[in-house]
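Note: hydrogens, waters and symmetry copies are ignored here, and every other heavy atom, side chains too, is used. Quantities reported herein were computed from a predicted structural model and do not represent experimental measurements. As the structure lists them, so they are numbered: ligands from 1, and atoms in each ligand from 1.
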Amino acid sequence: MDQIVDEVWARLNAGANAGNERSPFTMLQVATIALDGAPAVRTVVLRRVSRERRSVMFHTDVRSTKVSELRRDPRVSLVGCDLDGGIQIRLHGVARIVETPSDTRAVWDSSRPRTLIVYRTPLAPATPVASPAEAHATTLAEDPDSSAGFENFCLIDVTVSSIDYLDLNPAGHRRASLVFEEGEWRGTWVAP
Ligand SMILES: Cc1cc2nc3c(=O)[nH]c(=O)nc-3n(C[C@H](O)[C@H](O)[C@H](O)COP(=O)(O)O)c2cc1C
């Protein structure tokens, strides 16, 4: 079971350190509980992983719906899939919204400028627009100020408490249920 824990974190780590190369776990889907209690899911880019802290992080806009949802209920579920390898990793945990400038500034400064453009629009995500061009006009504007939009930028830091690992290997499917208890990952095989 220790091998499975190692594999999960190695795969997530590869996802977060993808650089210019695609890695199956670079994009994850994150599920929250919407304000009306319905499930809500969307794709995000996995930015940082820390096995020691049991943490996975992504970047988002503080004005986005998901942030409002997480302020109300910080429980999240994330899923990623390696289609070629037939591996699915599901994570459950609690999200912390990291928005204090002292915690976000270094990440903002080290991010590639093109990834920060989205934070520079005055239009909050989901604001109705007459046409897509109306949003482009503000988002794509060249802004000489590298701090522009910083106030809209935040990190979501998820502390993972349980993991569901599924391997659809043709030689035999395997599924493991991992829970972090008393300072360690404890796992059991379960029927796929
Ligand atoms: C490939 C891809 C990567 C994305 N990465 C992010 C991301 O890292 N952070 C983010 O907030 N939204 C990202 N999005 C957009 C979200 O999926 C979503 O549409 C947006 O954040 C609004 O979600 P919300 O209304 O649930 O807050 C990405 C979308 C795609 C298609």
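- Applying the under-4.5 Å side-chain rule to Ile, Leu, Val, Met, Phe, Trp and Tyr, the cluster around V179 consists of that residue alone.
- Within 4.0 Å of ligand 1, contacts by protein heavy atoms are made from M27, R42, T43, V44, V45, H59, T60, S64, T65, K66.
- Taking the centre and axis of the six-membered ring of F150, the NZ or CZ atom of R105 falls inside the cone set by 45° and 6.0 Å.
- S23 and R11 share no donor-acceptor pair across their side chains, judged by distance under 3.5 Å alone.
- At a threshold of 4.0 Å, the pair D6-R51 counts as salt-bridged, since one of the basic side-chain nitrogens sits closer than that to a carboxylate oxygen.
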Q. Would F180 and V5 count as a side chain to side chain contact (heavy atoms under 4.5 Å, CB included) if you check the C-alpha gap in whole Å, the side-chain angles of each, and the deciding distance to 0.1 Å?
A. CA-CA 11 Å; F180 193 80; V5 177; over 6 Å; no
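- No continuous path of ILVMFWY side-chain contacts below 4.5 Å connects L46 to M57, so the two sit in separate hydrophobic clusters.
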